[in-house]
Structures are given as structure tokens and as C-alpha cells.
Participant: 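Handing you a structure now.
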There are 2 protein chains.
Amino acid sequence: MKMNEGVEWALHSCVNLCWIPGETVTAKKLAAFYDLPTAYLNKQLQALSRAGIMSSTSGPKGGFQLAKQPDDITLLDVVVAIDGPEDAFRCTEILKAGPGADPKADYRKTCLVSTAMRQAELVYRRELAARTIADIVAEVEHTFPRTPESTRAWFANLRS
Amino acid sequence: MKMNEGVEWALHSCVNLCWIPGETVTAKKLAAFYDLPTAYLNKQLQALSRAGIMSSTSGPKGGFQLAKQPDDITLLDVVVAIDGPEDAFRCTEILKAGPGADPKADYRKTCLVSTAMRQAELVYRRELAARTIADIVAEVEHTFPRTPESTRAWFANLRS
DNA sequence: GGAATCATACTCGGATAGGTATTGTCCGAGTCTGTACGG
DNA sequence: CCGTACAGACTCGGACAATACCTATCCGAGTATGATTCC
């Protein structure tokens, strides 16, 4: 069970964009900030665009910016955008191949093993949905008060 | 984020073994019950053996049986045995490559993005750890009272 | 007849290929900028 | 001097390889069984 690595990059990029409001930032700059492969990060940002989390602009002075308010972007939104919506545990309804199976039953709902696993994932997703990018930003600003300003400065200097 | 398919097989196999106490059942029979590939299921059962969940016996009349009481086997135990212990979200500490990074900081604990994701997984694992195989068995026996007996009969007849 | 020995068949166990999803890269379509030209 | 047309460069976007993991399979090591042989 391995989550797409781009989720981490996407979350950090969202947080950084919160500190540069109203401006578009290119994938190149966002990648340079953490020394990430530009093209691959761009791929992840595209996914965020498709999900309506970011908006993109082409051409010079183009780039990405948040398309929604930070408190309206949950961690689950980002995870789903990058990693896909399907559950980790996939019920293949093996009971259907077992003896005494009911061909017309939906074992994704009937099978109690499937139900238990799904319940755990539900709790997991609920926890992710309860936290927004704004929450993370607020926590960072509380724990590391200098981070917002220094981040802003870094992107400003890079702009040169 | 895709979980190993063998988890589903392993869970169902554990449940079935609960209804055939004190006997060893071969991977071949367990596979035949759900029409699964024998060798691959065998691989999963090996993992359960290594984890101390099942015990294996070689030779004729050999096979697998539960090594612990059903109420002492949590769903998390099975998931970890098959799918591995590492978390889905892997913090690669990209902050270390960022500007103003502290080389001696452990960003898996410091980074608030990592913390939030880890918290969600913790809730997930806690939910899995709260349910045991015995719970599943009890639920099945309550919802489908005929299942234990018919399962027992199926394995008995197969023995022929 | 009973016991020990041996061949046999059956099981798990790990080592070995195949398929699929993730990771990484590249080039083209579109667009804004800045300049040059004409009025 | 001002407006317009144009060339250029920069960005995202999706299509294209490389890699790693999951899935699937096979054959060997070990063991209990059952028959056979010897006492």
C-alpha cells in the first residue's frame, strides 16, 4: 500500500501558494524551491488543475495559483486529485466464487470482511476531509512564525 | 494507493479456518474454496506464518491452521503481515532541500504536512486494530447462521 | 506376527518470470510580451 | 507621437519511455504415510 509520492509535493505546493496570494507561480519555481523534478511536479499540478483546486495560466507571466480559498481545500481533496478516488482495499467479491454464493448479491455491501475494511478507510478519509490547507498554514505560522515571510522573500528574490 | 489483493484472501482464509478448529487445511483446499490461484494464495499464507498468525505443517496431512486465538488476531495484524508495516504516505522530507532547512531536524516529526497525514493513517490503523477475526466470525454467524455449518461441510466433503 | 526400513507421494518454502501501475521525461499548442513599423 | 502588427520566448498540456512493484508460477527441501522386508 503505497501512496503516490506527488501527494506530498502537491500539499507543500498548496501551502506555499497560500503565502503568495494573487500571483501566479510557475511549476519551475515551485520545483526549484524543494529541488524537485520540474516536469513531474508539473504533472501533479495539472491534476490539481483538473480537480479545480488550482487554476493555470499559459504563456509568459503564467503559472499556477489556488482556485479556491485555502479553508475550502481539504487534504482529502488533494489526495483524491493526485492519488485517485478508488479505495485502497478492493473487494473482488471472492465470495461469489465460493459454494452457496448468491449470484445476484452485491458482496461489496454484504461481505463483512469488505465492510470492516471499508469502515476503516471511511474513518481515514473522514480524518483527511476534516483538515484543510488553511489549517496546515495556520499551524505552520504558529510554530514557525518566520516561515511565511522567508518563503515570500525567496520567491520574490527568485523572480529577480 | 492500492492495497495488496492478498489481504482479502488472507482475511477470508482466517475466517474459514475458525470454523475448522484443530485441523490443518492445505493451501490447495483453501484456494479451491474461492477458486483462487493455489500457489499465490500459498505465498500469502506463508506471510501469515512468518507473522505468527498461522502455523504450517509440511508433508501429507500437512497444511495451515491458526496459531493464535481468533480474538487475538486483529485485522491490522493481517494487513501488516501481507501488505507490510510501512505507511502509505511516505514523508521524503522535501523540506530538507528547501531554503533555510535545518539539516539535523527530523522532518518526519517536524513537518506539519507529514504530521497531518500520519495522524490520518494512525486513525485508520487504530480502526483496523480494534477489530479481530473473532469479531468478523461472530458477525457472520449472526447474519448468516448457516454459513459455519455449510463451510465445515464443504471442507469435510472435499476431504472425501 | 511384529518391527524396522525404505520408497513414495504430498506439503510448504523460496527462487524465478510476467503484467501493470507508478515514476520520470520530452516535445508541441497556446499565449503574453516586447519590439518594430506604419500612419 | 500613437496604434497596430509581428516575431519571439515562455508556459502549460498531454503523449511517450523507464522503473519498480504487484501478480503469478514453478521446482526443490522436508515429512508423514504406507508397503515391504527381515527377524
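To find a chain, count down the sequence lines: A is the first, B the second, and so on, and within it residues start at 1.
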Participant: Is it true that a side-chain atom of A/Asp83 and a backbone atom of A/Asn4 form a donor plus acceptor pair closer than 3.5 Å?
Facilitator: yes
Participant: With respect to the phosphate group of D/dG14, does any side-chain polar atom (N or O) of A/Arg50 fall under 4.0 Å of OP1 or OP2?
Facilitator: yes
Participant: Counting side-chain heavy atoms from C-beta on, which of C/dC12, C/dT23, D/dG14 comes nearest to A/Gln46?
Facilitator: D/dG14
Participant: Starting from C1' on C/dT11, measure out to CD on B/Gln65 and report it in whole angstrom.
Facilitator: 14 Å
Participant: Which of these nucleotides, D/dC12, C/dC26, C/dT23, is closest to any side-chain atom of A/Ala39?
Facilitator: C/dC26
Participant: Would you kindly say whether B/Asn16 and B/Ser13 are connected by a side-chain donor-acceptor distance under 3.5 Å?
Facilitator: no
Participant: A/Phe89 CZ to D/dC22 C1': how many Å, rounded?
Facilitator: 16 Å
Participant: Would B/Arg152 and B/Glu149 satisfy salt bridge (Lys or Arg N to Asp or Glu O under 4.0 Å), going step by step from the backbone distance to the final call?
Facilitator: CA-CA 5 Å; B/Arg152 214 175 345 249; B/Glu149 183 50 36; 3.5 Å; yes
Participant: The side chain of B/Tyr40 is closest to which nucleotide in this list: D/dG13, D/dT25, C/dA9?
Facilitator: D/dT25
Participant: With under 30° as parallel and over 60° as perpendicular, where do the rings of A/Trp154 and A/Phe33 fit, or are they tilted in between?
Facilitator: perpendicular
Participant: What's A/Gly6 touching, base or sugar-phosphate or nothing? Going by heavy atoms closer than 4.0 Å.
Facilitator: nothing
Participant: What is the distance, to the nearest angstrom, from the CG atom on A/Leu45 to the C1' atom on C/dT23?
Facilitator: 16 Å
Participant: Measure the distance from CG on B/Leu41 to C1' on D/dC22 and round it to the nearest whole Å.
Facilitator: 16 Å
Participant: Does B/Pro60 or B/Gln44 map to a spot on DNA chain D nearer the 5' end, using the closest nucleotide for each?
Facilitator: B/Gln44
Participant: Considering only side-chain heavy atoms of B/Lys28, which listed nucleotide, C/dT23, C/dT11, D/dC12, is closest?
Facilitator: C/dT11
Participant: From CE of B/Met1 over to C1' of D/dC22, roughly how many Å is that when rounded to an integer?
Facilitator: 16 Å
Participant: Whole angstroms only, please: what is the NZ-C1' distance between A/Lys61 and D/dT11?
Facilitator: 13 Å
Participant: With a 4.0 Å limit, can you tell me whether A/Asn42 has a side-chain N or O closer than that to the phosphate oxygens OP1/OP2 of D/dT11?
Facilitator: no
Participant: The side chain of A/Lys43 is closest to which nucleotide in this list: D/dT33, D/dA24, D/dA15?
Facilitator: D/dA15
Participant: Roughly how many Å is it from CD in B/Glu86 to C1' in D/dC21, rounded to a whole number?
Facilitator: 12 Å
Participant: With sequence neighbours excluded, tell me which residues meet ring pair (Phe, Tyr, Trp, His ring centres under 6.0 Å) with B/Trp9.
Facilitator: B/Tyr40
Participant: In whole Å, I'd like the distance from the CG atom of A/Asp83 to the C1' atom of C/dT23.
Facilitator: 13 Å
Participant: Which nucleotide in the set C/dT11, D/dT11, C/dT33 lies at the smallest distance from any side-chain heavy atom of B/Ser58?
Facilitator: C/dT11
Participant: Starting at the 5' end of DNA chain C and moving along, which residue's nearest nucleotide shows up first, B/Ser49 or B/Arg90?
Facilitator: B/Ser49
Participant: Would you indicate, yes or no, if D/dG13 has its OP1 or OP2 atom less than 4.0 angstrom from a side-chain nitrogen or oxygen of A/Ser56?
Facilitator: yes
